[in-house]
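To start, the structure itself, in structure tokens.
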Amino acid sequence: MEGDEGTTSRCPSPSFAALPFSFFFCISIINFFLVSAAEAAADYGDALSKSLLYFEAQRSGHLPYNQRVAWRGHSGLTDGLEQGADLVGGYYDAGDHVKFGLPMAFTVTMLSWSVLEYQEQVTAAGEFGHALEAIKWGTDYFIKAHTAPNVFWVQVGDGGTDHYCWQRPEDMTTSRQAYKIDAEHPGSEVAAETAAAMAAASLVFRSSDPYYSLLLLQHAEQLFEFGDKYRGKYDGSVRVVKSYYPSVSGYYDELLWAALWLHRATGDVKYLDYAVDNAEAFGGTTWAVSEFSWDIKYAGVQVLASKLLLERRDALEERHRKILEVYNSKAEHYVCSCLNKSDGGANVRRTPGGLLFVRQWNNLQYVAGATFLLTAFSDYLSGGGGGGGGGGGVLRCPQGGAVEPGEVLAFAKSQADYILGANPMGVSYLVGFGDKYPGRVHHRAASTVAYKEDKAFIGCAQGFDVWFGRQKDNPNMLVGAIVGGPDAKDEFRDRRSNYMQTEACTYNTAPVVGVFAKFRQLQQKQQKQQQQKQQKQQHLLQGLQPQTSSYK
């Protein structure tokens with residue numbers, strides 16, 4: 001201990017007299033701690049693989065032959081039949097069986113962005129194929145749901161009846177009513193978000209499947225035009241969604257978001273003109289926000305605009321550059337508020353354990369989104385040659401002055417590590433990762449016996465009586481799901497009924513796919529450097545060892 005010389009351990013300077021003993025001992029101790037630190041670090045490669053596996057558990061429709069989540073079966077095979085449309089497929093958003101269009105589209109956008117930013121890292125981890133499958137399961141459904149240029153089916157199922165029923169998806173008896181938006185019943189948020197998802201996905205598939213990429217882009221452009229021409233809040237047209245995914249921020253953020261994605265996918269300047277000309281009126285350069293989610297896209301819009309500015313500053317027209325610089329300043333506000341370096345009450349709250357805390361219900365969705373945006377923004381700063389007034393790859397926050405990209409990345413890593421178990425409770429909130437994770441996730445399919453094991457029908461009330469109230473872990477593990485997470489005091493109660501904390505959503509996991517791939521690469525680089533350091537130390541030791549004399 002410090003101040004107690006009798007218990008303080010120090011490594012002496014090397015001398016030939018001490019070399020065979022204390023020097024070797026100290027080198028061994030150093031190597032031990034280096035190895036121990038490497039072993040203690042989170043296995044980001046494993047986190048990446050598991051995060052992509054989760055999306056297979058959320059699939060609706062006819063499951064493919066290579067389905068890896070074996071406890072799931074076919075479901076929702078008559079979706080759209082009553083409406084004369086083929087709406088089989090897509091994703092269940094969480095632990096229920098409604099297919100909500102807005103969060104599903106946001107999930108696909110973030111999966112696509114993750115792959116676009118970190119394709120090399122995802123590929124190196126051997127997960128590129130699984131990432132493509134996860135994206136395509138969503139975009140295939142969007143193509144089917146877009147039955148005419150100005151018609152898009154945005155929901156299948158009813159939250160009211162669904163939430164009163166605890167059944168496996170394979171047994172569903174609840175309403176599968178489908179809801180659409182059209183010219184008379186507009187829904188600009190979901191039309192634009194789906195346009196963003198398909199534009200981003202078109203970039204992902206551009207090399208591997210050019211035809212599919214072009215098809216996605218055609219749908220994206222049509223959906224954007226539809227959402228922009230017939231403006232209106234989607235929860236006004238589809239009122240049953242109000243209690244579940246209401247649009248608080250309106251649709252301006254989605255329109256700007258879609259325009260920037262379409263500009264990136266097409267290179268057509270008209271989409272950049274749209275984002276620039278509407279920047280102030282739509283709030284892109286006036287809203288300074290401190291959260292990013294399936295509803296509020298402004299931070300994502302601003303970070304995406306920053307990428308364009310930082311990477312193409314000299315090639316941009318002056319009028320574009322000036323507005324993008326304002327977008328960038330708002331992106332910096334978001335980053336600074338996450339880093340606790342913004343003005344006054346603009347900073348995001350944190351738990352005692354250091355987790356960003358936006359609100360009590362499913363807080364980890366905001367953490368996951370922030371972790372991705374911070375990771376991406378740090379990369380843009382590193383490679384973009386300067387951010388806003390910072391210059392030289394540095395941003396300037398109201399509190400604390402200049403912030404290097406490495407500091408932004410380090411904080412993003414702290415949030416990812418918290419999710420993976422580096423937190424006061426020692427719980428990994430990524431199910432199936434590490435030694436301790438939620439076992440009673442609020443999820444109908446995971447909490448009931450697998451259909452393949454027992455095909456006996458489970459009714460609504462029976463499901464609640466037999467399975468929901470069961471005081472045991474779920475029979476099926478929802479690997480890769482990120483649950484809602486702890487409260488403001490870092491406390492977490494692993495109970496199925498505690499849905500604010502134990503329910504998982506697709507948009508919780510989607511943003512961190514790229515993050516895990518990025519940190520896996522950095523982790524491997526650090527491990528290689530540690531190995532090289534150990535080898536140098538061993539060579540040094542061997543070189544300093546006294547030679548045995550042959551003289552007698």
**Prompt:** Without hydrogens or angle criteria, can the side chains of Tyr271 and Glu221 be said to hold a donor-acceptor pair below 3.5 Å?
**Reply:** yes
**Prompt:** Run the salt bridge (charged side-chain N to carboxylate O under 4.0 Å, His left out) check on Glu407 and Lys341 step by step: do they pass?
**Reply:** CA-CA 12 Å; Glu407 183 177 346; Lys341 293 177 179 288; 3.4 Å; yes
**Message:** I'd like to know if Glu311 pairs up with Lys307 as an ion pair, taking the criterion as any Lys NZ or Arg NE/NH1/NH2 lying under 4.0 Å from an Asp or Glu carboxylate oxygen.
**Reply:** yes
**Prompt:** What orientation do Tyr91 and Trp137 show, parallel under 30°, tilted 30 to 60°, or perpendicular over 60°?
**Reply:** tilted
**Minimal non-hydrogen separation, Ala412 against Thr371, with atom names** = O-CG2, 3.5 Å
**Item:** Asp273 bridged to Arg319 by N-O distance under 4.0 Å
**Value:** yes
**Prompt:** Does a salt bridge link Glu332 with Arg396, judged by any charged N lying under 4.0 Å from a carboxylate O?
**Reply:** no
**Message:** Is it the case that atom CG in Asn66 sees more than 12 heavy atoms from other parts of the structure closer than 6.0 Å?
**Reply:** yes
**Item:** Trace of the ring-ring contact (aromatic ring centres under 6.0 Å, His included) decision for Tyr334 with Phe377
**Value:** CA-CA 10 Å; Tyr334 175 80; Phe377 194 81; 9.1 Å; no
**Request:** Answer yes if the ring centres of Phe224 and Tyr274 are under 6.0 angstrom apart, and no otherwise.
**Result:** yes
**Fill in**
Nearest heavy-atom approach of Cys505 to Ala94 is SG-CB, 3.8 Å
**Item:** Separation of Leu420 CG from Ile482 CD1 (nearest 0.5 Å)
**Value:** 7.5 Å
**Request:** Describe, in one word, how the ring planes of Tyr44 and Phe519 are oriented to each other, choosing from parallel (under 30°), tilted (30 to 60°) and perpendicular (over 60°).
**Result:** tilted
**Item:** Between Ser60 and Tyr141: side-chain donor-acceptor atoms closer than 3.5 Å
**Value:** no
**Message:** Under a 3.5 Å cutoff, is there a donor and acceptor pairing between the side chains of Asn423 and Asp490?
**Reply:** no
**Complete:** One should read off an interatomic distance between Leu409 CG and Leu374 CG, to the nearest 0.5 angstrom, of 9.5 Å
**Request:** Return yes if a side-chain donor-acceptor contact under 3.5 Å exists between Gln58 and Thr506, otherwise no.
**Result:** no
**Request:** Using a strict 4.0 Å threshold on nitrogen-to-oxygen distance, state whether Glu127 and Arg520 make a salt bridge.
**Result:** no
**Fill in**
Value for NZ (Lys297) from CG (Leu304), rounded to nearest 0.5 Å, stands at 12.5 Å
**Request:** May I ask you to check whether over 12 heavy atoms, not counting those of Gln399, lie within 6.0 Å of atom CD?
**Result:** yes
**Asked** Say you draw a straight line from CH2 of Trp361 to OH of Tyr499; how long is it, rounded to the nearest 0.5 Å?
**Response** 5.0 Å
**Message:** Val408 vs Leu339, test: side-chain contact (heavy atoms from CB on, under 4.5 Å). Steps then yes/no.
**Reply:** CA-CA 7 Å; Val408 180; Leu339 295 175; 4.1 Å; yes
**Message:** Counting neighbours of CD on Gln67 that are heavy atoms of other residues, nucleotides or ligands and sit closer than 6.0 Å, is the number greater than 12?
**Reply:** yes
**Complete:** Rounding to 0.5 Å, atoms CD1 (Ile419) and OH (Tyr429) come to a distance of 10.5 Å
**Asked** For Leu355 and Arg350, what are the C-alpha separation, side-chain angles and deciding distance, and is it a side-chain contact (heavy atoms from CB on, under 4.5 Å)?
**Response** CA-CA 5 Å; Leu355 182 71; Arg350 295 188 191 178; over 6 Å; no
**Fill in**
Nearest heavy-atom contact between Leu111 and Ala510 is CG-CB, 3.9 Å
**Prompt:** Do His333 and Gln302 have side chains that get closer than 4.5 Å, going by heavy atoms?
**Reply:** no
**Request:** Report yes if the side chains of Ser51 and Phe433 come closer than 4.5 Å at any heavy-atom pair, otherwise no.
**Result:** no
**Prompt:** Is Glu117 salt-bridged to Arg264, going by a charged N under 4.0 Å from an acidic O?
**Reply:** yes
**Request:** Return yes if a side-chain donor-acceptor contact under 3.5 Å exists between Ser247 and Asp235, otherwise no.
**Result:** no
**Asked** If you take all heavy atoms of Arg72 and Ala445, which pair is closest and at what distance?
**Response** CD-CB, 4.0 Å
**Prompt:** Mind checking whether Lys528 and Lys525 have side chains closer than 4.5 Å, heavy atoms only?
**Reply:** no
**Request:** Indicate, with yes or no, if the rings of Trp294 and Tyr245 have centres closer together than 6.0 Å.
**Result:** yes
**Prompt:** Looking only at heavy atoms, what is the nearest atom pair of Ala57 and Leu478, with distance?
**Reply:** CB-CD1, 3.6 Å
**Message:** Can you see whether Ser188 engages Glu254 through a side-chain donor-acceptor pair at a distance of less than 3.5 angstrom?
**Reply:** no
**Request:** Report the C-alpha distance between Lys136 and Asp209 in whole Å, list the side-chain angles of each, state the deciding distance to 0.1 Å, and finish with yes or no for salt bridge (charged side-chain N to carboxylate O under 4.0 Å, His left out).
**Result:** CA-CA 11 Å; Lys136 195 171 186 292; Asp209 194 340; over 6 Å; no
**Request:** If a pair satisfies ring-ring contact (aromatic ring centres under 6.0 Å, His included) and one of its residues is in residues 103-126, list it, with sequence neighbours excluded.
**Result:** Phe106-Phe292, Trp113-Trp257, Trp113-Trp261, Trp113-Phe372
**Prompt:** Which atom pair, heavy atoms only, marks the closest approach of Pro511 to Tyr507?
**Reply:** CD-O, 3.2 Å
**Asp228 side chain to Tyr251 side chain, donor-acceptor N/O pair below 3.5 angstrom** = no
